[in-house]
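Quick notes on the structure that follows.
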Amino acid sequence: MAYKLYTLQSIPAHLLPRIALIHLGDAGLLSKLGFPFVMRYFENAVKDEKAFGFYVKDDETGEIMGFSLASPEPSALTFKLAEDKDWFIRNIIKAIFTRPLAFLQMLISSLTIRGQMYEPNTIECVYFTVDPKYRGRGLGRALQKALMDEGRKRGYKKIYASVETRNIASLKATQANGFRIIKTFREGIYHRHRLECNL
Ligand SMILES: CC(C)(COP(=O)(O)OP(=O)(O)OC[C@H]1O[C@@H](n2cnc3c(N)ncnc32)[C@H](O)[C@@H]1OP(=O)(O)O)[C@@H](O)C(=O)NCCC(=O)NCCS
């Protein structure tokens, strides 16, 4: 399988919905809020000055197979969803009625995020997701490793990740990349490990 990595910031706008669709395969809160939230999140992420990421494309078919995203300030990306107040209120009202549990989880998570201290010179592996049909071939690990290499180049000293305790594939990839578990915690319906790795 031949593929190439590209920076997420260089992705043509018409390919961004493909990233959002791949992301919907993640079991996290953003996916549970639905496509409009995912799309808006990645529109903001590719324009963000501090966030960086990668996507991987099949050389033969040109299809995007997966992506990864890191940031020194992950909560800033989340809070950017509310920057356009009209859009946010319209969509959050819809979510309250159509996805009440996701809305409740969003409130719990935003309180947890607010309480999280981010150390200087560190980044968060915010997301790394591979289209189900390309999983198990080393892409997840390579996409996360690309974040680590780029983080090191940018002068960051440490990378963190939170992984659901039952997400074996993500845990294996993350630990194979050198992360170690530093604590395990509950965030609403999620039971997560917190992992770190020196860069
Ligand atoms: C996590 C994810 C990105 C891994 O991508 P991937 O390309 O399948 O991972 P890799 O092929 O690089 O595999 C990494 C390790 O996980 C193992 N693995 C992959 N899928 C597995 C599965 N379903 N069950 C158990 N182990 C699995 C691989 O064998 C490999 O282990 P090894 O290094 O000991 O051989 C992918 O499963 C995914 O997109 N999941 C949904 C989104 C998600 O959960 N993202 C992470 C959020 S923290």
Side-chain angles (χ1 to χ4, degrees), residues 1-6 8 11 15-35 37-39 41-42 45 51-61 63-75 77-78 102 105-106 108-109 112-113 116 118 122-151 158-197:
M1 181 182 57
Y3 61 83
K4 267 197 206 78
L5 283 171
Y6 300 85
L8 205 50
I11 194 166
L15 294 180
L16 214 48
R18 168 78 180 141
I19 297 291
L21 284 175
I22 293 175
H23 182 79
L24 287 173
D26 180 296
L29 173 60
L30 184 61
S31 306
K32 287 194 164 55
L33 285 169
F35 185 80
F37 283 90
V38 177
M39 200 47 212
Y41 182 93
F42 285 101
F52 58 90
F54 297 89
Y55 67 100
V56 63
K57 212 160 80 167
D58 187 316
D59 271 353
E60 263 177 43
T61 63
E63 184 168 44
I64 297 181
M65 306 154 99
F67 73 91
S68 57
L69 178 70
S71 170
E73 290 171 6
S75 56
L77 289 177
T78 308
Q105 177 65 44
M106 192 188 81
I108 294 169
S109 291
T112 312
I113 290 170
Q116 256 172 23
Y118 289 103
T122 69
I123 48 170
E124 178 87 15
C125 171
V126 187
Y127 293 117
F128 71 119
T129 306
V130 173
D131 181 314
K133 63 179 182 277
Y134 300 115
R135 286 182 193 167
R137 305 186 201 177
L139 286 179
R141 199 173 156 184
L143 280 161
Q144 189 183 54
K145 173 87 171 24
L147 296 179
M148 299 168 78
D149 293 343
E150 180 63 22
K158 200 184 270 188
I159 182 165
Y160 287 102
S162 289
V163 178
E164 266 202 273
T165 52
R166 62 181 179 182
N167 191 344
I168 304 302
S170 176
L171 269 178
K172 273 197 179 180
T174 303
Q175 287 179 310
N177 273 333
F179 284 73
R180 63 181 188 93
I181 296 172
I182 49 170
K183 70 172 180 177
T184 303
F185 64 103
R186 190 163 279 288
E187 184 186 319
I189 57 167
Y190 298 111
H191 193 229
R192 301 190 204 274
H193 290 307
R194 188 82 178 138
L195 300 102
E196 68 171 25
C197 182

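Read the numbers this way: they start at 1 and go in the same order the structure lists the ligands and their atoms. It should be emphasised that the depicted structure is a prediction, and the values quoted were computed from it without experimental measurement.
- Counting heavy atoms only, Ala169 comes closest to atom 21 (C) of ligand 1 of the residues Ala173, Ala169, Gly140, Ser162.
- Of the protein's non-hydrogen atoms, the one nearest atom 45 (N) of ligand 1 is Phe128 O, 2.8 Å.
- Within the 3.5 Å criterion, the main-chain N or O of Arg141 finds a donor-acceptor partner in the side chain of Asn177.
- Here the two rings, on Phe42 and Tyr55, have centers that are 6.0 Å apart or farther.
- Checking side-chain atoms of Ser31 against main-chain N and O of Gly25 turns up no donor-acceptor pair under 3.5 Å.
- For Gly136, a nitrogen or oxygen atom sits less than 3.5 Å from a nitrogen or oxygen atom of ligand 1, counting backbone and side chain alike.
- For atom 38 (C) of ligand 1, the nearest protein heavy atom (residue, atom name, distance) is Arg135 NE, 3.3 Å.
- In this structure, atom 35 (O) of ligand 1 is not in close contact with the protein, since no protein heavy atom lies within 4.0 Å of it.
- Contact check for Asp131 versus Arg18: side-chain heavy atoms found under the 4.5 Å cut-off.
- Taking distance alone, with nitrogen or oxygen atoms compared against 3.5 Å, Arg137 approaches ligand 1 more closely than that limit.
- For atom 41 (C) of ligand 1, the protein comes within 4.0 Å by at least one heavy atom.
- Protein heavy atoms are absent from the space less than 4.0 angstrom from atom 13 (O) of ligand 1.
- Distance screen at 4.0 Å: atom 16 (O) of ligand 1 has a protein heavy-atom neighbour inside the cut-off.
- Proximity of atom 1 (C) of ligand 1 to the protein is indicated by at least one non-hydrogen atom lying closer than 4.0 angstrom.
- A 6.0 Å sphere centred on CZ of Arg166 holds no more than 12 heavy atoms belonging to other residues, nucleotides or ligands.
- Using a 4.5 Å heavy-atom cutoff, the side chains of Ile22 and Met65 are not in contact.
- Gly138 N, 2.6 Å is the protein heavy atom nearest to atom 11 (O) of ligand 1.
- Looking only at side-chain heavy atoms (C-beta outward), Lys145 and Ser68 stay at 4.5 Å or farther from each other.
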Legend entry - Worked verdict on Glu196 versus Arg180 for salt bridge (Lys or Arg N to Asp or Glu O under 4.0 Å): CA-CA 6 Å; Glu196 68 171 25; Arg180 63 181 188 93; 2.9 Å; yes
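- Annotation: the span from Leu8 atom CG to Leu15 atom CG amounts to 11.0 Å, rounded to 0.5 Å.
- Applying the 4.0 Å criterion to heavy atoms of Arg141 picks out, from ligand 1, the atoms 12 (O), 33 (O).
- Between Val130 and ligand 1, an N or O atom pair is found at a separation short of 3.5 Å.
- Checked by distance only, ligand 1 and Asn167 come closer than 3.5 Å through their nitrogen or oxygen atoms.
- Relative to atom 26 (N) of ligand 1, the option among Lys172, Arg192, His193 with the closest non-hydrogen atom is Lys172.
- Test Phe67, Phe54, Tyr41 against Tyr127 for ring-ring contact (aromatic ring centres under 6.0 Å, His included) and you get one pass: Tyr41.
- In terms of modelled atom types and a separation under 3.5 Å, the side chain of Arg135 and the main chain of Val130 share a donor-acceptor contact.
- Checked against a 3.5 angstrom limit, the closest N/O atoms of Gly25 and ligand 1 fall outside it.
- In this structure, atom 31 (O) of ligand 1 has a protein heavy-atom contact shorter than 4.0 Å.
- With sequence neighbours excluded, the residues forming a side chain to side chain donor-acceptor pair (under 3.5 Å) with Thr165 are His191, listed by chain and number.
- Polar contact with ligand 1: absent for Ala176 (N/O pair, distance under 3.5 Å).
- Taking all heavy atoms of Ile22, Asn177, Asp26, Leu139 into account, the minimum distance to atom 47 (C) of ligand 1 is reached by Asp26.
- Closest to atom 48 (S) of ligand 1, if we only count protein heavy atoms, is Ser170 OG, 3.3 Å.
- For Pro132, the heavy-atom gap to ligand 1 stays at 4.0 angstrom or more.
- Using modelled atom types and a 3.5 Å distance limit, the side chains of Thr174 and Gln144 yield a donor-acceptor pair.
- Of the protein's non-hydrogen atoms, the one nearest atom 25 (C) of ligand 1 is Ile168 CG2, 3.8 Å.
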